[in-house]
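When reading the values below, keep in mind they use all heavy atoms of this one structure, side chains included, and skip hydrogens, waters and symmetry mates. No experiment lies behind these values; they were computed from the predicted model shown.
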Amino acid sequence: QVQLVESGGGLVQAGGSLRLSCAASGRTFSTYAMGWFRQAPGKEREFVATITRRGGSTFYADSVKGRFTISRDNAKNTVYLQMNSLKPEDTAVYYCAATLRAFSTDDAEFGSWGQGTQVTVSS
């Protein structure tokens with residue numbers, strides 16, 4: 001329904017920062033709530049952050065609250081994840097996803113997914 005492409009991943013030192021971007025196609029970007037999820041090797045995919053259609057509300061996993069910030073620019077069809085104070089346990093493939101629900105933290109409710117971008121945090 002919407003095509004998503006993540007970028008901005010890479011290698012960073014613990015305590016450093018990284019900004020992920022997710023570019024969406026189409027003229028209906030503002031109809032989707034957006035989310036970020038991550039999956040580390042050998043672990044299940046987990047929720048990271050979500051933002052409502054117009055950016056009026058955000059919600060974060062406890063593990064990243066206070067360190068990560070999700071935002072969106074509907075004029076640019078882009079959602080961002082600013083990651084500060086990175087820890088080795090943040091190492092994972094990060095995925096951007098879109099849902100027609102007004103709000104969700106459940107990956108089963110997100111119908112469109114990007115390819116993922118690798119984030120590696122060294123200690």
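Using a distance-only test at 3.5 Å, with no hydrogens or angles considered, no donor-acceptor pair links the side chain of S57 to the main chain of T52. Side chain of R53 to main chain of T31: a donor-acceptor pair is present (N/O by atom type, distance under 3.5 Å, no hydrogens or angles). A donor-acceptor pair under 3.5 Å is absent between the side-chain atoms of T78 and the main chain of D73, judged by distance alone. The closest donor-acceptor contact from the side chain of E6 to the backbone of G116 lies under 3.5 Å. With hydrogens and angles disregarded, no donor-acceptor distance shorter than 3.5 Å links the side chain of S123 to the backbone of P88. Distance alone, capped at 3.5 Å, places no donor-acceptor pair between the R54 side chain and the N74 backbone.
Across all their heavy atoms, A98 and M34 have their closest contact at CB-SD, 3.6 Å. Of all heavy-atom pairs spanning V121 and K87, the tightest one is CB-O, 3.3 Å. Of all non-hydrogen atoms in C96 and V79, the two that sit nearest each other are SG-CG1, 3.6 Å. Residue A24 comes nearest to V2 through the heavy atom pair CB-CG2, 3.9 Å, listed as atom of the first residue, atom of the second, then distance. Contact detail for F59 and T105: the closest heavy-atom pair is CD2-CG2, 3.7 Å.
For the atom pair CH2 (W36) and CZ (F47), the distance works out to 13.0 Å, reported to the nearest 0.5 Å. Atom OH of Y95 sits about 15.0 Å away from atom CZ of F110, to the nearest 0.5 Å. Here T99 contributes atom OG1 and D106 contributes atom CG; the two are 9.0 Å apart, rounded to the nearest 0.5 Å. Expressed to the nearest 0.5 Å, how far OG1 of T69 lies from CZ of R19 amounts to 11.0 Å. Note: C22 SG to F29 CZ = 7.0 Å, rounded to the nearest 0.5 Å. Taking CZ of R67 as the start and OG of S17 as the end, the distance is 10.0 Å to the nearest 0.5 Å.
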Quiz prompt | Step-by-step side-chain contact (heavy atoms from CB on, under 4.5 Å) determination, R38 to T91 | solution = CA-CA 9 Å; R38 67 187 183 186; T91 295; over 6 Å; no

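When the shell of 6.0 Å around CD of E89 is examined, it contains more than 12 heavy atoms from other residues, nucleotides or ligands. Around atom CZ of R101, no more than 12 heavy atoms belonging to other residues, nucleotides or ligands sit under 6.0 Å away.
Linking ILVMFWY residues whenever their side-chain heavy atoms come closer than 4.5 Å, directly or via other members, leaves Y80 and F37 in distinct clusters. When hydrophobic clusters are built by joining Ile, Leu, Val, Met, Phe, Trp and Tyr residues whose side-chain heavy atoms come closer than 4.5 Å, directly or via intermediates, F68 is grouped together with I51. Linking Ile, Leu, Val, Met, Phe, Trp and Tyr residues whenever their side-chain heavy atoms come within less than 4.5 Å places F103 and W113 in a single cluster. No continuous path of ILVMFWY side-chain contacts below 4.5 Å connects V93 to L81, so the two sit in separate hydrophobic clusters.
No option in V119, I70, V48 other than V119 meets the side-chain contact (heavy atoms from CB on, under 4.5 Å) test with L20.
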